[in-house]
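Structure, as structure tokens:
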Amino acid sequence: MYNHQKIEKKWREIWADSGLYKTGEDFSKPKYYVLDMFPYPSGVGLHVGHPKGYIATDILARLRMMQGYNVLHPMGFDAFGLPAENYALKNKLHPQKATETNIAAFKKQLAVLGFSYDWAREVITTDPQYYRWTQWIFLQMWKKGLAFESHEPINWCPSCQTGLANEDLEEGKCERCGSEVEQRPLRQWVLRITEYAERLLNDLEKLGGWEESIKEMQRNWIGRSEGAEIIFRVEAEAVADESVVKVFTTRLDTIFGCTYVVLAPEHKLINELKKRISNWPAVEEYIAAAKNKTDLQRTDLNKEKTGVILEGVKAINPFNNEPVAIFVADYVLNSYGTGAIMAVPAHDERDYKFAEKYGLEFRTVVINGLLQDSGEFSGLSSAVAVKKMIAWLEKKKLGARKTNYKIKDWVFSRQRYWGEPIPLIHCSECGVVPVPEKDLPVRLPEVDSYEPTGTGESPLALIDDWVNVKCPKCGGPARRETNTMPQWAGSCWYYLRYIDPNNDRELTDKAKEKYWSPVDFYVGGAEHATRHLIYARFWHKVLYDLGVINYEEPFIKFKQVGLIIGADGRKMSKRWGNVINPDDMAEKFGADALRVYEMFMGPFEQAVVWNTAGLVGTRKFLEKVLNLAEDPETMPAAKNIIASDNKKLLSLLHKTIKKVGEDIENFNFNTAVSALMILINELTDYKNKNRSLPFGVEEFRQVLKILAPFAPHLAEELWEKSGGSASIFRSTWPKYDREMIKDETINLIVQVNGKLRATWEVAADISEKEAWRMAQENENIRKWLAGKEIVKNIFVPGKLLNIVVK
RNA sequence: GGUCCAGUGGUGGAACUGGUAUACACGCAGCACUUAAAAUGCUGUGCCCAAAAGGCGUGUGGGUUCGAGUCCCACCUGGACCACCA
């Protein structure tokens, strides 16, 4: 009888009491740092999809533990940010209270699954002793000029009433609430991530343990493109003018095909040229209309391109001195490149569409990769021409080589309550003054009303006795910065804090960091590929440059976890009523059965559909394991085993030890479980026929060891029953015997012209000669050879004989 | 439109550097046990043929090879990420 509830409760308590999962402090041992992305403690709780990654890392952590490593396997909570705050607002709770309640609920759910976390190292981003160091890092960035104040228009979510970073958008909508985002000019703090773009891109090469797809996403997001910036002089009809317009292009070779220039509606030059533009009312109207469009409307690819010509001004192409028309059109983005382009309708699809609509000239200047009608550059190939043209530009000081990135500087302030206060003070005399490090953390004040103001100011601005302070520099009256940090801030460095979670002198001890860093294995959702994983790499490099830490990249290996989809094929959500709760499953079938099932469902990275019937299958598998062990009389002492009878099963055991170990390392959990099932089926079969186990207690305990990472409670229980005094996780992972896994006999495949005609069980070292002799004697093979000319034999030792006939 | 990934039984999925396609599990069918059911155990389960022998089979069409799910080319379908990025 498999009483999973009793077994699992018993061992959870014993593990907690004995401190089994306390992180080792003996730095002479090899270390292994295995990390999950810590969750937001939302109010909804966990569904069965959430623990999938946690189960995987737990299995890896337990394997490493048994292999003799010091294992760091921590867990914590990322509790600041909009989701927590919106939940609190909806339920009329203070975010602090809501966060505490939700964390407690999460921990209760996680506890049921028997994870090996060292909870003594728990990190919660909303803890002042934690965000003290988040603020400290911000100050270092400010001091290095990596955090700066900006008044540029940014993404504004009208529903969440806060500014957002580019990474917080999905198809022009707020990733949190789905509202269409507007552009609003707003004072804000911005982090200069673009300064690190090149390193973030190049160092991807060092991350051999990352999947190519994730790296590719980061490359796309960083979006490096090489080209040139070119200066076009602007000529007004009436007056001589000093103005110029800079354009960026990756197709400098097509510049002789440029027939007009386009400015983004927000381009500053337009206003400067106001007096020279004879159709100003029309231009002004167009700019106003563009402003009123949402991002979504502006970037709709299907929409027709629109624009207005700037009458009275021309731009001069520096290569041929030809004056071309200047347009303002919203198909050009102010936020990329210079906010202005040279339009080449013959060689650019967007310019083509625009030129077609407005009847502008097309000029084909590159045919089959060779330039034509391009002055002195005619006849050159595109690649050579670009080089020569850049040299020409640089010599005449009319332009230069330029690399642009799609990634934008990180809008880092939020006009909301529930975030880390930005530790800066505004003094009318001294300007922006940092809060002295000794005064950190700047604590979030207790307030009654933390609802967003919608004015572009944080609710903190309303709390006079918090806002008004003395300037740390001159002692005069000053005001605190009232914006808070975005939800991503705390997760940028939490993995460093687990190393030394209670340090009050520095964010982490450098010697400890040298030992534990970098994270050896990181597991989480692919949706973070272009957000958290880029942000954290950015902060990590900044800290590295500051000399605070020893390594340049935070995560050596990263694996994405595939979603678990509802049985109806939709994402699990309250809305669809298809949520499966892990506590319910654990209570009914056992945490071990649930763990094994989630690993068995399919490849780890792939999305899979939940099927409770499948969970029944893994439950049955565990029952079989229990049945093997339950009757002590069927477990003979190792000495009494008759080897000859059991050679095959012992060989299978060693093969399984090999496969399970390797599969865990490679995150092929589904095939590891399948290998365990095959072994248990064979043993059960043998036991049913012979009324005893095929081998002794020692061998059976090896079976328990390789099962233990997957089903820790049951394995521990049976380990105890079989005479173990210390925990199975204090035992050593079994080594397989190379001799044992060699097969004595093989199934020789016999083919004629590549088609299977027979398989024979023969000695593994059978020679070609012998195999050929057997084939010639075999009636069925002879039938296929009859009347044919034998061309040759292909013999693969230990595998097959293929007879090629004509 | 760009980049990347994937198409295998009724279902989830296996298949190492090209070498028995469908391991393992679910489902289904039959049998045993039972008064009966559940549970459990055993057997079977890609398609065609009564069976054997054989033929056909990994999205489609070609190619390379003694041999292709695996490699190459073209296409179709689905997914992920990015996207008026000049």
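Quick note on labels: first sequence line is chain A, next is B, and so on, each numbered from 1. These numbers come from the heavy atoms of this one structure, side chains and all, not from hydrogens, waters or symmetry mates. In this text the structure is predicted, and so the values were computed from the model without any measurement.
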- Query: How would you list all residue pairs meeting salt bridge (Lys or Arg N to Asp or Glu O under 4.0 Å) that involve residues 778-794 of chain A, not counting sequence neighbours?
  - Reply: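 Of all non-adjacent pairs touching residues 778-794 of chain A, none passes salt bridge (Lys or Arg N to Asp or Glu O under 4.0 Å).
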- Message: Filter on salt bridge (Lys or Arg N to Asp or Glu O under 4.0 Å), then keep only pairs touching residues 595-619 of chain A, sequence neighbours left out; what's left?
- Response: A:D58-A:R595, A:K559-A:E605, A:R619-A:E623
- Query: Between A:I749 and A:F600, which is nearer to the 5' end of RNA chain B once each is assigned its nearest nucleotide?
  - Reply: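 Its nearest nucleotide being more 5', the pick is A:I749.
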- Task: Could you check A:V804 against A:V673 and say which one's nearest nucleotide on RNA chain B is further toward the 5' end?
- Result: A:V673
- Item | Side-chain donor-acceptor contact under 3.5 Å, A:S335 with A:K408 | yes
- State whether a side-chain donor-acceptor pair under 3.5 Å links A:Y286 with A:T306. yes
Say you pick atom [atom1] in [N] and the same atom in [M]; how far apart are they, in whole Å?
N: B:rU58; M: B:rG10; atom1: P; result: 13 Å
N: B:rA68; M: B:rG61; atom1: C1'; result: 15 Å
N: B:rG13; M: B:rA86; atom1: P; result: 37 Å
N: B:rC28; M: B:rU17; atom1: C1'; result: 39 Å
N: B:rC33; M: B:rU40; atom1: C1'; result: 9 Å
N: B:rG69; M: B:rG19; atom1: C1'; result: 13 Å

What's the closest nucleotide to the side chain of [X] if the choices are [options]?
X: A:K792; options: B:rA83, B:rC66, B:rA86; answer: B:rC66
X: A:N611; options: B:rA83, B:rC26, B:rA15; answer: B:rC26
X: A:N681; options: B:rG19, B:rA83, B:rA25; answer: B:rA25
X: A:Y331; options: B:rC84, B:rC81, B:rA23; answer: B:rC84

- Query: Does OP1 or OP2 of B:rA25 have a side-chain N or O of A:T618 closer than 4.0 Å?
  - Reply: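 No, outside the criterion.
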Could you state the atom-to-atom distance from [atom1] of [X] to [atom2] of [N] in whole Å?
X: A:I534; N: B:rC82; atom1: CD1; atom2: C1'; value: 11 Å
X: A:I741; N: B:rC16; atom1: CD1; atom2: P; value: 17 Å
X: A:R619; N: B:rU40; atom1: CZ; atom2: C1'; value: 14 Å
X: A:N802; N: B:rU20; atom1: CG; atom2: C1'; value: 13 Å
X: A:Y597; N: B:rG13; atom1: OH; atom2: P; value: 10 Å
X: A:I214; N: B:rA80; atom1: CD1; atom2: C1'; value: 10 Å
X: A:K799; N: B:rA21; atom1: NZ; atom2: P; value: 13 Å
X: A:Q751; N: B:rA21; atom1: CD; atom2: P; value: 8 Å

- How would you label the contact of A:N404 with the nucleic acid (heavy atoms, under 4.0 Å): base, sugar-phosphate, or nothing?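 The answer is nothing, as A:N404 stays clear of every strand by at least 4.0 Å.
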- With a 4.0 Å cut-off on heavy atoms, is A:N793 in touch with a base, just the backbone sugar-phosphate, or nothing at all? nothing
- Taking side-chain contact (heavy atoms from CB on, under 4.5 Å) as the test, write out the residues that go with A:K624, two or more places apart.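 side-chain contact (heavy atoms from CB on, under 4.5 Å) check on A:K624 returns A:I680, A:N681, A:T684.
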- Message: According to side-chain contact (heavy atoms from CB on, under 4.5 Å), who are the partners of A:K571, at least two apart in sequence or on a separate chain?
- Response: A:L563
Using a cut-off of under 3.5 Å, enumerate the N/O to N/O pairs linking the protein to nucleotides 2-10 of chain B.
unit_1, atom_1, unit_2, atom_2, d
B:rU3, O2', A:E216, OE2, 3.0

For [X], what residues pass the salt bridge (Lys or Arg N to Asp or Glu O under 4.0 Å) criterion, not counting sequence neighbours?
X: A:E761; result: none
X: A:K406; result: none
X: A:D765; result: none

- Cation-pi, A:F354 ring and A:K305 (6.0 angstrom, 45 degrees):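 No.
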For residues 669-679 of chain A, which side-chain donor-acceptor pairs fall under 3.5 Å, sequence neighbours excluded?
unit_1, atom_1, unit_2, atom_2, d
A:T671, OG1, A:D663, OD2, 2.8
A:T671, OG1, A:N668, O, 3.0

- Message: Defining pairs by Watson-Crick or G-U wobble geometry with both distances under 3.5 Å, how would you list the stems of RNA chain B with at least three pairs each?
- Response: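 If one scans RNA chain B for consecutive Watson-Crick or G-U pairs, the stems found are B:1-7 with B:76-82, B:10-12 with B:24-26, B:27-32 with B:40-45, B:46-48 with B:54-56, B:59-63 with B:71-75.
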- Message: Counting C-beta onward and ignoring hydrogens, is there a side-chain heavy-atom pair between A:V48 and A:M585 closer than 4.5 Å?
- Response: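 Sidechains of A:M585 and A:V48: in contact.
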Return a table of donor-acceptor pairs under 3.5 angstrom between the side chains of residues 797-806 of chain A and protein atoms on other chains or two or more places apart.
unit_1, atom_1, unit_2, atom_2, d
A:N802, OD1, A:N753, N, 3.4
A:N802, OD1, A:G754, N, 2.9

- Message: Once hydrogens and angles are ignored, does a donor-acceptor distance under 3.5 Å link the base of B:rG1 to the side chain of A:E349?
- Response: no
- Message: For a quick check, tell me whether the side chain of A:K406 and the base of B:rC82 share a donor-acceptor pair closer than 3.5 Å.
- Response: no
Give every pair of a protein N or O atom and an N or O atom of nucleotides 55-58 of chain B that lie under 3.5 Å apart, one pair per line with the distance.
unit_1, atom_1, unit_2, atom_2, d
B:rG55, OP1, A:R757, NH1, 3.4
B:rG55, OP1, A:R757, NH2, 3.1
B:rG55, OP2, A:R757, NH1, 3.2

